[in-house]
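Notes for the one structure printed next.
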2 protein chains.
Amino acid sequence: MDTVKRAAGKSTRNTYECHPGCSVEAALSLIDGKWKGVILYLLMERQVLRFNEFQKALPDITQRVLTAQLRSLETDGLIERTVYPVVPPKVEYRLTELGASLAPVISALSAWGNEKKFLWPKGFKRDSHLQQAG
Amino acid sequence: MDTVKRAAGKSTRNTYECHPGCSVEAALSLIDGKWKGVILYLLMERQVLRFNEFQKALPDITQRVLTAQLRSLETDGLIERTVYPVVPPKVEYRLTELGASLAPVISALSAWGNEKKFLWPKGFKRDSHLQQAG
DNA sequence: CAGAATCCTACGAGATACTG
DNA sequence: CAGTATCTCGTAGGATTCTG
């Protein structure tokens, strides 16, 4: 293979003092942030995305933040980043096995979010400017 | 009834620009923060808790933060705060119907967190100084 | 007991410009 | 294309002190 993969490094998450329900906190800490849940959701739906496909799907995220979120997910071992050494650059993101194992969590979130749509905050319009690649 | 209840006010969450998976984001936005998930988890396990019971269960949370998280959850309509006009003060927190409906999400988080315990960050010791009331 | 008030810091997150 | 490099800002979260 001519691709370059980085293994998951040290987690950004540490210094936990454990308490009842800390498993909830541990799991939640991996998908917090404004975009991580959505990034995982997209990867679960579409298997593999490139950097600019994320940007198209998430028109309101900046490059810097997208990069940071992807790095964080990669560091935590939830997604895998594959760099194809071609020009122009080509980078693909996909779920790791661990990331894929979060599917029940993400789908529970999605299901709940959809079910309770009626009580979303005012500005929340359902899937307007939804951008699909292709 | 001699109790005082506050209804949910305006949500702290707004200004969403919708995108694919925004239902995930919407749901996640309600349980983000370092402690909200755990607070909900505790309420699901024990039905009703008082302020200091939260403090006992979560030895590392400060009063200020605990108050803020509870307020936020209350504002978002997930928990209900009942003040008994007695001295010394007595305040009880319990899930609203909406909050209870998050059970699948929380239990998915908990299940995942437990299942993947083996890869938790270093400092993460399972349920040491676990404090149960009673 | 259940907080309110005050102060402080780190970091998530956004805007903008530049690049191999 | 897929990022870095800076700069900036708001706010989540923490420490401490005080109170009805």
Side-chain angles (χ1 to χ4, degrees), chain A residues 3-6 12-17 19 25 28-39 48-76 79-94 133, chain B residues 3-6 12-17 19 25 28-39 48-76 79-94 133:
Chain A
T3 63
V4 176
K5 294 182 185 180
R6 280 186 294 171
T12 46
R13 312 293 163 185
N14 41 21
T15 63
Y16 281 97
E17 305 290 318
H19 45 257
E25 189 192 336
L28 205 47
S29 74
L30 298 176
I31 59 172
D32 71 357
K34 192 171 173 182
W35 303 101
K36 284 188 196 173
V38 186
I39 289 172
V48 49
L49 285 95
R50 298 179 59 176
F51 191 85
N52 70 49
E53 295 180 310
F54 280 114
Q55 292 194 89
K56 283 181 214 154
L58 308 172
D60 297 322
I61 198 172
T62 62
Q63 286 179 331
R64 184 195 177 288
V65 171
L66 177 55
T67 302
Q69 304 281 290
L70 289 170
R71 286 289 182 284
S72 178
L73 289 168
E74 186 195 359
T75 297
D76 286 333
I79 68 173
E80 183 180 68
R81 179 175 177 270
T82 308
V83 180
Y84 296 86
V86 297
V87 43
K90 177 177 174 180
V91 178
E92 287 181 347
Y93 294 90
R94 69 197 74 213
Chain B
T3 63
V4 176
K5 294 183 185 179
R6 282 185 292 172
T12 46
R13 312 295 162 182
N14 41 21
T15 62
Y16 281 98
E17 306 288 320
H19 44 256
E25 189 191 334
L28 206 46
S29 74
L30 298 176
I31 59 173
D32 71 358
K34 191 171 173 182
W35 303 101
K36 285 189 195 171
V38 185
I39 289 172
V48 49
L49 285 94
R50 298 180 58 176
F51 191 85
N52 69 47
E53 293 179 313
F54 280 114
Q55 291 193 88
K56 281 182 217 155
L58 308 171
D60 296 323
I61 197 171
T62 62
Q63 288 178 332
R64 186 194 176 287
V65 171
L66 177 56
T67 302
Q69 305 279 289
L70 290 169
R71 286 289 182 285
S72 178
L73 288 168
E74 186 194 0
T75 298
D76 287 333
I79 68 174
E80 184 180 68
R81 178 175 177 270
T82 309
V83 180
Y84 295 88
V86 296
V87 43
K90 176 177 174 180
V91 178
E92 287 180 347
Y93 294 89
R94 67 197 76 211

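Hydrogens, waters and symmetry mates are skipped; everything else that's a heavy atom, side chains included, is used. Convention: sequence-line order gives letters A, B, ...; per-chain numbering from 1.
Counting only distance, with no hydrogens or angles, the side chain of A:Ser72 and the backbone of A:Ala68 share no donor-acceptor pair below 3.5 Å. One N or O on the side chain of B:Glu53 and one on the backbone of B:Arg50 form a donor-acceptor pair closer than 3.5 Å.
In this structure, the NZ atom of A:Lys34 is 12 Å from the P atom of D:dA12, given to the nearest Å. The nearest whole Å value for the distance from the CG atom in B:Asp60 to the P atom in D:dA15 is 9 Å. Computed from coordinates, the A:Lys56 NZ to D:dC1 P distance equals 8 Å when rounded to whole Å. Across the protein-nucleic acid pair, B:Gln55 atom CD and C:dC1 atom P stand 10 Å apart, rounded to whole Å. Counting to the nearest Å, the P atom of C:dA2 and the CZ atom of B:Phe51 are 8 Å from each other. Rounded to an integer number of Å, the gap from B:Leu70 CG to D:dG13 C1' is 14 Å. For the pair A:Leu66 CG and C:dG12 P, the computed distance is 15 Å after rounding to whole Å. The CD-C1' distance, from A:Gln63 to D:dA5, rounds to 12 Å in whole Å.
Shown here for B:Pro85 and B:Val83, the closest heavy-atom pair between the two residues is CD-O, 3.5 Å. Heavy-atom minimum distance, B:Leu30 versus B:Lys36: O-CD, 3.4 Å. Residue B:Leu73 comes nearest to B:Ile39 through the heavy atom pair CD1-CG2, 3.6 Å, listed as atom of the first residue, atom of the second, then distance. Taking both residues in full, the closest heavy atoms of B:Gln69 and B:Lys34 are given as OE1-N, 4.3 Å, listed atom of the first, atom of the second, then distance.
Backbone-only contact: B:Gln69 has heavy atoms under 4.0 Å from sugar-phosphate atoms and none from a base. In this structure, B:Val91 reaches the sugar-phosphate backbone alone: every heavy-atom distance under 4.0 Å involves primed, P, OP1 or OP2 atoms, never a base. Residue contacts shown for B:Tyr93 are limited to sugar-phosphate atoms, with no base heavy atom under 4.0 Å away.
For the pair A:Lys90 and A:Arg64, nearest-nucleotide mapping onto DNA chain D gives the more 5' position to A:Lys90. Comparing A:Pro89 and B:Thr67 by the nucleotide of DNA chain C that holds the closest heavy atom to each, the one mapping nearer the 5' end is B:Thr67.
In the set D:dA2, C:dA2, D:dG3, C:dA2 carries the atom at the smallest distance from any side-chain atom of B:Asn52.
End-to-end axis angle of the helix from C:dC1-D:dG20 to C:dG20-D:dC1, using five pairs per end and rounding to 10°, comes to 60°.
Phosphate contact (OP1/OP2 of D:dA2, side-chain N/O of A:Arg71, threshold under 4.0 Å): absent.
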Dump the intermediate steps for side chain to side chain donor-acceptor pair (under 3.5 Å) on B:Tyr93 and B:Glu80, then the final yes or no. CA-CA 6 Å; B:Tyr93 294 89; B:Glu80 184 180 68; over 6 Å; no
